[in-house]
Visitor: 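Here you go, one structure.
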Amino acid sequence: MRVGMGYDVHRLTAGRELILGGVKVPYGKGLLGHSDADVLVHAVMDALLGAAALGDIGKHFPDTDPEYEGISSILLLEHVGNLLDEKGYIIENIDATIIAQRPKLRPYIDQMQENIAQALHIETEQVNVKATTEEGLGFTGTGEGISAQAICAVEKYTNYGSVDVTAESSGCGGCCGRAAGKEE
């Protein structure tokens, strides 16, 4: 099993939509960035890329590339999911935290989890998103920005055994008889 950690932060600014976990959250400000600046999805992508030792989102989606200007981070997450699949990784779980003084995010978290799971072709139960404040402290506490942290676990396909452990046998999955050349 491999573990990855991701972190992202963006400044809040007027004149932009607030997108978190692929959800348009009603708020008077949005996050400033080259893409849609979805800090939650960016942190998740960095965690996944890190777990698979594939670099970070800046390597794959540089903010100097006009192709990614204003792009949905959910589309970029789908690309990251495909990269992991190509490299033989299975996503076990993702746990993420959004740090924002406001707006209150609880009403949107279930949809965020669903969006992330759908983009990665995993079960919603494999994704956990939380939100917290910093009690008025720091740049998130004063409402200057929003940050997110994520951690994930991935596993290589090749690390799964090929023995059928569901086969009925005398406790060893039937491998002992096959190893000795006996037919079942």
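Only a predicted model underlies this, so the values are computations on that prediction, with no experimental measurement involved.
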Visitor: Of all heavy-atom pairs between V41 and G22, which one has the smallest distance, and what is that distance?
Guide: CG2-N, 4.2 Å

Visitor: What is the distance from atom CG of L31 to atom CG of D36, rounded to the nearest 0.5 Å?
Guide: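 Rounded to the nearest 0.5 Å, the CG-CG separation comes to 9.0 Å.
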
Visitor: Looking at every heavy atom in both A119 and L77, which two are closest together, and how far apart are they?
Guide: CB-CD2, 3.9 Å

Visitor: Step by step, work out the side-chain contact (heavy atoms from CB on, under 4.5 Å) result for L49 and H60.
Guide: CA-CA 10 Å; L49 290 166; H60 294 274; 3.8 Å; yes

Visitor: With sequence neighbours excluded, tell me which residues meet side chain to side chain donor-acceptor pair (under 3.5 Å) with T142.
Guide: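 Scan of T142 (side chain to side chain donor-acceptor pair (under 3.5 Å), adjacent residues dropped) gives E144.
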
Visitor: How long is the straight-line distance from CD1 of I116 back to CD of E78, given to the nearest 0.5 Å?
Guide: 12.0 Å

Visitor: Nearest heavy-atom pair of L75 and I71: which atoms, and what distance?
Guide: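 It is CD1-CG1, 4.2 Å.
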
Visitor: Just by distance, do the side chain of Q126 and the backbone of I91 share a donor-acceptor pair under 3.5 Å?
Guide: yes

Visitor: In Å and rounded to the nearest 0.5 Å, what is the OG to CD1 distance from S147 to I99?
Guide: 3.5 Å

Visitor: Are the side chain of D46 and the backbone N or O of D56 linked by a donor-acceptor pair below 3.5 Å?
Guide: no

Visitor: Is it the case that atom CD in Q118 sees more than 12 heavy atoms from other parts of the structure closer than 6.0 Å?
Guide: no

Visitor: Linking directly or through intermediates, with side-chain heavy atoms under 4.5 Å: list the remaining ILVMFWY members grouped with Y7, chain and number order.
Guide: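 Result for Y7 is M5, V9, F139.
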
Visitor: With Y68, which residues qualify under ring pair (Phe, Tyr, Trp, His ring centres under 6.0 Å), at least two apart?
Guide: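 Y68: ring pair (Phe, Tyr, Trp, His ring centres under 6.0 Å) contacts with F61.
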
Visitor: For V23 and Q111, which heavy atoms make the closest approach, and how far apart are they?
Guide: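 Closest approach of V23 to Q111: CG2-CG, 3.6 Å.
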
Visitor: For the residue pair K29 and T13, establish whether any side-chain heavy-atom pair is separated by less than 4.5 Å.
Guide: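 Counting from C-beta outward, K29 and T13 never come under 4.5 Å.
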
Visitor: Using 0.5 Å steps for rounding, measure from the NZ atom of K156 to the NZ atom of K87.
Guide: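 Spacing of NZ (K156) from NZ (K87) equals 7.5 Å.
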
Visitor: Sequence neighbours left out, what pairs pass side chain to side chain donor-acceptor pair (under 3.5 Å) with at least one residue falling in residues 94-108?
Guide: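 Found D95-N128, D95-K130, T97-K130, R106-D110.
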
Visitor: Could you measure the distance from the CD1 atom of I57 to the CG atom of L76? Nearest 0.5 Å is fine.
Guide: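 Here the rounded value is 8.0 Å.
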
Visitor: Any donor-acceptor pair under 3.5 Å linking the side chain of R2 with the backbone of A51?
Guide: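 Side chain of R2 to backbone of A51: a pair is present.
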
Visitor: Quick one: ring-ring contact (aromatic ring centres under 6.0 Å, His included) pairs with a partner in residues 34-57, sequence neighbours left out?
Guide: H10-H42

Visitor: Taking the side chain from E92 and the backbone from V154, do they hold a donor-acceptor pair closer than 3.5 Å?
Guide: no

Visitor: Who pairs with E125 by side-chain contact (heavy atoms from CB on, under 4.5 Å), at least two apart in sequence or on another chain?
Guide: E123

Visitor: To the nearest 0.5 Å, what is the distance between CG on L84 and CG on L120?
Guide: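 So the CG of L84 and the CG of L120 are separated by 8.5 Å.
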
Visitor: I146 and side-chain contact (heavy atoms from CB on, under 4.5 Å): which partner among L40, D38, L18, L105?
Guide: L18

Visitor: Using side-chain heavy atoms (C-beta onward) and a distance below 4.5 Å, is N93 in contact with C152?
Guide: no

